[in-house]
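I have placed the structure first, in the form of structure tokens, so that the comments after it can refer back to it.
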Amino acid sequence: MTIDSRQVAAGLLDAVPFARTLGIEFVEVAPEAEGGVRVVARLPDIAAHHNHLGGPHAGAMFTLGESASGAVVLAAFGHVLDRAVPLPVTASVHFRKIAMGPVLATARLGSTPAEVLAELDAGRRPEFPVEVEVRTEDGTLTSSLTVIWTLRPNR
């Protein structure tokens with residue numbers, strides 16, 4: 001699979017203006033990463049996005065994780081956007097520690113692209129997980145998300 005990581009990042013930021021509003025940056029888009037498709041996104045430390053404790057607001061951290069998961073989906077399935085629309089179905093988040101400063105979200109596709117595409121090719125609407133870990137820049141795990149995505153076939 002050949003993909004232009006800059007195109008994935010730009011495409012997501014064009015499609016999701018709120019991610020631009022938060023200043024989310026895409027550090028890495030790796031469609032051939034060990035363990036499957038991987039994206040790393042960064043939320044900068046912006047005072048206007050802080051919570052009452054002085055760190056990133058939970059909503060901003062969720063948006064970071066969901067955006068990273070969306071970039072994974074674009075990296076894995078961008079080549080089938082002419083026949084299917086990617087949509088998040090459900091998401092769960094587990095806040096583990098208070099985050100301070102910039103945070104990084106690492107998202108990984110939980111299924112192989114081939115498995116998902118086989119379902120789509122069979123006329124089904126596949127659902128698949130993207131797992132996300134959000135860490136501070138020193139590596140402290142602050143939250144984790146699971147976002148279930150689907151590829152809704154165009155009809």
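Note that this is a predicted model, so its numbers are computed, not measured.
- Taking all atoms of both residues into account, the shortest heavy-atom contact from Pro86 to Ala84 is CD-O, 3.8 Å.
- By the side-chain hydrogen bond (donor to acceptor under 3.5 Å, both in side chains) test, Arg42 is found to be paired with Glu25, Glu137, residues two or more places apart in sequence or in another chain being considered.
- Leu81 places a side-chain heavy atom less than 4.5 Å from the side chain of Leu74.
- Heavy atoms only, all atoms of each residue included: Ala107 and Val132 are closest at CB-CG2, 3.8 Å.
- There is no path of hydrophobic side-chain contacts, each under 4.5 Å, that joins Val147 to Val40.
- The hydrophobic clustering, which links ILVMFWY residues whose side-chain heavy atoms are closer than 4.5 Å, places Val39 and Ile148 apart.
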Between side-chain atoms of residues 17-24 and protein atoms elsewhere (two or more places apart, or another chain), which donor-acceptor pairs fall under 3.5 Å?
unit_1 : atom_1 : unit_2 : atom_2 : d
Arg20  : NH1    : Leu13  : O      : 2.3
Thr21  : OG1    : Pro17  : O      : 3.2

For residues 57-67, which side-chain donor-acceptor pairs fall under 3.5 Å, sequence neighbours excluded?
unit_1 : atom_1 : unit_2 : atom_2 : d
His57  : ND1    : Gly59  : N      : 2.8
Thr63  : OG1    : Gly59  : O      : 2.9
Ser67  : OG     : Thr63  : O      : 2.7

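- Arg135 and Thr106 form no side-chain donor-acceptor contact under 3.5 Å, judged by distance and modelled atom types alone.
- Scanning both residues, Pro56 and Asn51, for their nearest heavy atoms gives O-ND2, 3.5 Å.
- Listed by chain and residue number, nothing satisfies the salt bridge (charged side-chain N to carboxylate O under 4.0 Å, His left out) test with Glu115 (two or more places apart in sequence, or in another chain).
- For Trp149 against Gly70, the heavy-atom pair with the smallest separation is CZ2-CA, 3.4 Å.
- Summarising the geometry of Leu12 relative to Ala71, their closest heavy-atom pair is CD1-N, 3.4 Å, with the distance given to 0.1 Å.
- Among residues two or more places apart in sequence or in another chain, the salt bridge (charged side-chain N to carboxylate O under 4.0 Å, His left out) test is passed with Glu131 by none.
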Using residues 117-125 as the side-chain source, report each donor-acceptor pair under 3.5 Å to any protein atom, sequence neighbours left out, with the distance given to one decimal.
unit_1 : atom_1 : unit_2 : atom_2 : d
Asp121 : OD1    : Arg83  : NH1    : 3.3
Asp121 : OD1    : Arg83  : NH2    : 2.5
Arg125 : NE     : Thr150 : OG1    : 3.2

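- The heavy-atom pair separating His50 from Asp45 by the smallest distance is NE2-OD1, 2.5 Å.
- Criterion: ILVMFWY side-chain heavy atoms under 4.5 Å apart, direct or through other members. Under it, Leu104 and Leu145 are not part of a common hydrophobic cluster.
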